[in-house]
Amino acid sequence: FVSLGIPVLISVILCLFTGVGKSSLVHLLCQNQVLGNPSWTVGCSVDVRVHDYREGTPEEKTCYIELWDVGGSVGSASSVKSTRAVFYNSVNGIILVHDLTNKKSSQNLYPWSLEALSKDSSPTGIIVSNGDYDREQFAENSVPLLLIGTKFDQIPENKRNDVLTRTAFLSEDFNAEEINLDCTNPRYLAAGSSNAVKLSRFFDKVIEKRYFTRDPSQMQSFTDRRRFNFKSLHYD
């Protein structure tokens, strides 16, 4: 992509618990379409999303964001962690995805975030001790985070308030905005909806971290607004 002169944001990591609908989510985010026959992801898959930074303003620029889907359950074996750690280098943003129908997947967001953000020998911004999550120290984390809960359609009406209360606490813990959706229904990310605004705001933060934390003038201009079709890249 660099050879085309197109701004590219790499390493927007999706950390997910197994079976939360990651393939469907990535397809919806990048293709704006429902994935008809989702399959299990082995290793890591990469897809590309077109995003207009600061859309509707004089600073608007079209960017291509790579979404790295690093899936699977949290493993304690050093070999498993070291393999995943390859994808955490130079991370610009993290999307923590959980299954709203599976409370355990929400609980696994904590060790996932610890693993992704503590990619070097000394953890940055978060401390977990005796099972307690230090919300105050995590607030100092500089990596943009977004929480996405899937399978919202499968939550019974009489239990939705409880689930939304739980996700609100998660949002506070991670100091991040939350999106709850059904990956089989594009209307949850329809233009102008609150979810679409949150998603756009997150990607803007990722762009600012990638480019503007050093020198805003280094942001490469891109005036050709044609859309390109990219095929998903799968690394197994």
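For the numbers below, each heavy atom of this structure counts, side chains included, while hydrogens, waters and symmetry mates do not.
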Discussion item. Let me confirm one number: the OG-CG distance from Ser23 to Asp69, rounded to the nearest 0.5 Å.
Written reply: 6.0 Å
Worksheet entry | Gln107: partners by side-chain hydrogen bond (donor to acceptor under 3.5 Å, both in side chains), with sequence neighbours left out | none
Worksheet item: What are the two closest non-hydrogen atoms of Tyr110 and Leu170, and how far apart are they?
Response: OH-CD2, 3.3 Å
Discussion item. Which residues pass the salt bridge (charged side-chain N to carboxylate O under 4.0 Å, His left out) test with Glu178, not counting sequence neighbours?
Written reply: none
Worksheet item: Under the 3.5 angstrom rule, does the side chain of Ser171 hit a backbone N or O of Thr167 as a donor-acceptor pair?
Response: no
Worksheet item: Glu60 side chain to Gly56 main-chain N or O, any donor-acceptor pair under 3.5 Å?
Response: yes
Discussion item. Is the shortest side-chain heavy-atom distance between Arg54 and Glu208 below 4.5 Å?
Written reply: yes
Worksheet item: Roughly how far, to the nearest 0.5 Å, is the CG atom of Leu100 from the OG atom of Ser105?
Response: 7.5 Å
Worksheet entry | Shortest non-hydrogen contact between Thr101 and Lys151, atoms and distance | CG2-O, 3.9 Å
Item to complete: Answer whether the closest heavy-atom distance between the side chains of Ile94 and Leu117 falls below 4.5 Å.
Response: yes
Worksheet item: Any side-chain heavy atom of Ser113 within less than 4.5 Å of one from Leu96?
Response: yes
Fill in: Thr165: partners by side-chain hydrogen bond (donor to acceptor under 3.5 Å, both in side chains), with sequence neighbours left out
none
Practice prompt. Would you give the length of the straight line joining atom CZ of Phe174 to atom CG of Leu147, rounded to the nearest 0.5 angstrom?
Written response: 6.0 Å
Discussion item. Before you tell me yes or no, could you show the steps for Glu55 and Lys61 under side chain to side chain contact (heavy atoms under 4.5 Å, CB included), namely the whole-Å CA-CA distance, both residues' side-chain angles and the distance that decides it to 0.1 Å?
Written reply: CA-CA 7 Å; Glu55 186 176 8; Lys61 296 182 185 296; over 6 Å; no
Item to complete: Could you give me the CA-CA distance, side-chain angles and deciding distance for Ile207 and Cys63, then say whether side chain to side chain contact (heavy atoms under 4.5 Å, CB included) is met?
Response: CA-CA 9 Å; Ile207 293 170; Cys63 299; 4.0 Å; yes
Fill in: Check: Asp52 main-chain N/O paired with Thr62 side-chain donor or acceptor under 3.5 Å
no
Only distances under 3.5 Å count here; give the side-chain donor-acceptor pairs of residues 183-190 to other protein atoms, sequence neighbours excluded, each with its distance to 0.1 Å.
residue: Thr184; atom: OG1; partner: Asp182; partner atom: OD1; Å: 2.7
residue: Thr184; atom: OG1; partner: Asp182; partner atom: OD2; Å: 3.0
residue: Asn185; atom: OD1; partner: Arg187; partner atom: N; Å: 3.1

Worksheet entry | Gap separating the CG atom of Leu29 from the CG atom of Asp47, nearest 0.5 angstrom | 9.0 Å
Practice prompt. Mind running side chain to side chain contact (heavy atoms under 4.5 Å, CB included) on Asn175 and Leu145 for me, showing each step along the way?
Written response: CA-CA 8 Å; Asn175 191 33; Leu145 297 178; over 6 Å; no
Donor-acceptor contacts, no H, no angles, side chain residues 152-160, under 3.5 Å, sequence neighbours left out:
residue: Arg160; atom: NE; partner: Ile155; partner atom: O; Å: 3.0
residue: Arg160; atom: NH2; partner: Phe152; partner atom: O; Å: 3.4

Worksheet item: Just how far is it from atom OH of Tyr64 to atom NE2 of His51, taken to the nearest 0.5 Å?
Response: 13.0 Å
Discussion item. If you compare all heavy atoms of Leu199 against all heavy atoms of Leu146, which two are closest, and at what distance to 0.1 Å?
Written reply: CD1-CD2, 3.8 Å
Practice prompt. List for me each residue that meets salt bridge (charged side-chain N to carboxylate O under 4.0 Å, His left out) alongside Arg166, sequence neighbours excluded, and say none if there are none.
Written response: none
Item to complete: Verify side chain to side chain contact (heavy atoms under 4.5 Å, CB included) between Leu35 and Leu28, making sure each step is shown before the conclusion.
Response: CA-CA 7 Å; Leu35 183 61; Leu28 182 61; over 6 Å; no
Discussion item. For the CG atom of Asn108 and the NZ atom of Lys103, what is their distance to the nearest 0.5 Å?
Written reply: 13.0 Å
Item to complete: Determine which pairs satisfy salt bridge (charged side-chain N to carboxylate O under 4.0 Å, His left out) with at least one residue from residues 193-207, sequence neighbours left out, and list them in order.
Response: Glu177-Arg201
Worksheet item: With Pro58, which residues qualify under side-chain contact (heavy atoms from CB on, under 4.5 Å), at least two apart?
Response: none
Worksheet item: side-chain hydrogen bond (donor to acceptor under 3.5 Å, both in side chains) with Ser193: which residues, sequence neighbours excluded?
Response: none
